[in-house]
Amino acid sequence: MYEQLKLDRPHGARVYDYFLGGKDNFAIDRQAAEHLLQAFPGFRTAALSNRMWMHRAAKFAAEQGITQFLDVGTGIPTSPNLHEVVQEITPAAHVVYADNDPIVLAHSRALLVSKPEGKTAYLEADVTDPQAILASDEVKELIDFDKPVALSIVGVFHYLPDALKPYDLVRQLVEPLAPGSLLIFSHCTPDFAPELWERAMVVYKADGGDAQVRSKEEVTRFFEGTELIEPGVVSPFRWYPDDETQRLVDKGEFTDIMCSLWVGVGRKP
């Protein structure tokens, strides 16, 4: 099991869990997280703003009438999870979660407590193998590709360097989706604090992690083949902020530098 958990290096899902105040992480993850915070103090704020934005984007998709969701790179369950947000609006919604960390699998029961009218499933899979995700029994059973799907890839692709061909991976996941489907996507950026992020990447790699942050132009490229919904690719707190988001903006906690993320939602024509 420990070999499976890859405890010799930090895992993005567990580092993110630490930033959100969770308990499902190991010493290697906490060490990497603390080193990251020393290099760039905004990581906790970025994680929180990302999570809050994901809830708003998922709610938006459900309000658009989408009833099927594929969440790739789920992370460790933190309530409210995506299905809890969308099933409040559409109780019959189907949600398939996919992640490659066995720790997420161990906690996946929290992802499977669906409203009786809806369905959820969890699949242990890697975003670097989109075809395995699309061909899985869970996706085949819960997702009808003749109807629109919301594909959620939130806070995942900054762990994939260019060598893994990240743009191709997103295209493969978007390609089979029906017109009207949505791509919900967020990604860390060095644009607002390049020197701090350069330092953060150095320390994360020194701790055994792999990552590549990207500019607005590079993040916007992930939406090729979709039409960006207004306000386009923006900082998370600028994407239809709710009252709580606005409160954190007004307090000066949510700023471009402290959040350092680009987010957006694209609709497949």
Side-chain angles (χ1 to χ4, degrees), residues 1 4-5 11-26 29 47-127 130 132-145 147-156 173 177 181-186 236 242 244-245 263 265:
M1 176 67 165
Q4 257 187 312
L5 289 173
H11 189 285
R14 302 193 302 256
V15 172
Y16 188 68
D17 175 71
Y18 180 80
F19 288 144
L20 288 172
K23 302 281 186 285
D24 299 303
N25 45 70
F26 296 98
D29 308 304
L48 177 62
S49 68
N50 190 50
R51 184 91 190 160
M52 289 170 68
W53 169 76
M54 181 274 281
H55 291 155
R56 299 197 304 283
K59 192 176 170 194
F60 171 85
E63 286 168 347
Q64 298 292 302
I66 290 183
T67 60
Q68 313 183 97
F69 293 77
L70 175 56
D71 184 46
V72 178
T74 299
I76 290 158
T78 309
S79 194
N81 293 292
L82 187 145
H83 72 281
E84 294 167 292
V85 173
V86 301
Q87 287 183 348
E88 279 301 311
I89 296 159
T90 310
H94 287 189
V95 181
V96 178
Y97 293 104
D99 202 285
N100 69 345
D101 185 353
I103 283 283
V104 181
L105 176 64
H107 292 272
S108 61
R109 191 168 296 168
L111 301 173
L112 302 176
V113 185
S114 171
K115 289 215 184 253
E117 306 94 315
K119 283 185 182 172
T120 65
Y122 177 79
L123 150 77
E124 192 170 355
D126 199 297
V127 70
I133 295 172
L134 295 168
S136 68
D137 291 341
E138 290 84 356
V139 167
K140 283 180 177 169
E141 193 181 320
L142 264 67
I143 304 286
D144 177 355
F145 284 107
K147 295 177 182 166
V149 176
L151 170 63
S152 173
I153 310 175
V154 172
V156 178
L173 288 166
L177 305 183
S181 293
L182 297 178
L183 170 62
I184 297 170
F185 188 89
S186 71
D242 55 14
E244 178 59 11
T245 301
V263 309
V265 177

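Everything quoted here is computed from the prediction, not taken from an experiment.
By the side-chain hydrogen bond (donor to acceptor under 3.5 Å, both in side chains) test, Q68 is found to be paired with no residue, residues two or more places apart in sequence or in another chain being considered. Partners of Y122 by ring-ring contact (aromatic ring centres under 6.0 Å, His included), not counting sequence neighbours: none found. Looking at residues two or more places apart in sequence or on another chain, you find a side chain to side chain contact (heavy atoms under 4.5 Å, CB included) between E88 and K115. Checked against side-chain hydrogen bond (donor to acceptor under 3.5 Å, both in side chains), S152 has the following partners two or more places apart in sequence or in another chain: D71. Partners of E244 under the side-chain hydrogen bond (donor to acceptor under 3.5 Å, both in side chains) rule, at least two apart in sequence or in another chain, are R247. Under the rule for a side-chain hydrogen bond (donor to acceptor under 3.5 Å, both in side chains), the partners of S114 that lie at least two apart in sequence or sit in another chain are Q87. Scanning for side chain to side chain contact (heavy atoms under 4.5 Å, CB included) contacts around Q64 gives F60, R267, with sequence neighbours left out. Scanning for side chain to side chain contact (heavy atoms under 4.5 Å, CB included) contacts around E84 gives S79, P80, N81, with sequence neighbours left out. Contacts of A57 classified as side chain to side chain contact (heavy atoms under 4.5 Å, CB included), with partners at least two apart in sequence or in another chain: W53, I184, W239, V265.
The list of ring-ring contact (aromatic ring centres under 6.0 Å, His included) pairs with a residue in residues 76-121, not counting sequence neighbours, reads H83-Y97.
Residue K140 comes nearest to L134 through the heavy atom pair CG-O, 4.5 Å, listed as atom of the first residue, atom of the second, then distance. For L82 against A58, the heavy-atom pair with the smallest separation is CG-CB, 4.2 Å. Across G75 and D99, no two heavy atoms sit closer than the pair N-OD2, 2.8 Å. For A125 against I133, the heavy-atom pair with the smallest separation is CB-CG1, 3.7 Å. Considering every non-hydrogen atom in both V95 and V86, the closest pair reads CG2-CG2, 4.0 Å.
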Does the pair T245 and D242 meet the rule for a side chain to side chain contact (heavy atoms under 4.5 Å, CB included), with working shown?
CA-CA 5 Å; T245 301; D242 55 14; 2.6 Å; yes
Residues V156, V72; criterion side chain to side chain contact (heavy atoms under 4.5 Å, CB included); working and verdict:
CA-CA 8 Å; V156 178; V72 178; 5.8 Å; no
Stepwise side chain to side chain contact (heavy atoms under 4.5 Å, CB included) test for V149 and F69:
CA-CA 6 Å; V149 176; F69 293 77; over 6 Å; no
Could you walk me through whether N100 and V127 satisfy the side chain to side chain contact (heavy atoms under 4.5 Å, CB included) test, starting with their C-alpha distance in whole Å, then the side-chain angles of each, then the deciding distance to 0.1 Å, before giving a yes or no?
CA-CA 8 Å; N100 69 345; V127 70; over 6 Å; no
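Counting only distance, with no hydrogens or angles, the side chain of S108 and the backbone of L111 share no donor-acceptor pair below 3.5 Å. Remark: side-chain polar atoms of R51 are paired, donor with acceptor, to backbone N or O of T78 under 3.5 angstrom. Side chain of D17 to backbone of D24: a donor-acceptor contact under 3.5 angstrom is found. For the pair T67 (side chain) and A93 (backbone), a donor-acceptor distance under 3.5 Å is absent.
Between the CD1 atom of I89 and the CD1 atom of I66 there is a distance of 11.5 Å, given to the nearest 0.5 Å. With values rounded to the nearest 0.5 angstrom, L173 atom CG is found 12.0 Å from S181 atom OG. Between L142 atom CG and T120 atom OG1 the span is 7.5 Å, to the nearest 0.5 Å. Once rounded to the nearest 0.5 Å, the distance linking CD1 of I76 with CG of L105 reads 11.5 Å. Taken to the nearest 0.5 Å, the CG atom of L182 stands 9.5 Å off from the CG atom of L151. Once rounded to the nearest 0.5 Å, the distance linking CG of D29 with NE2 of H11 reads 9.0 Å.
Taking 4.5 Å as the limit, some side-chain heavy atom of L177 sits within range of a side-chain heavy atom of F145.
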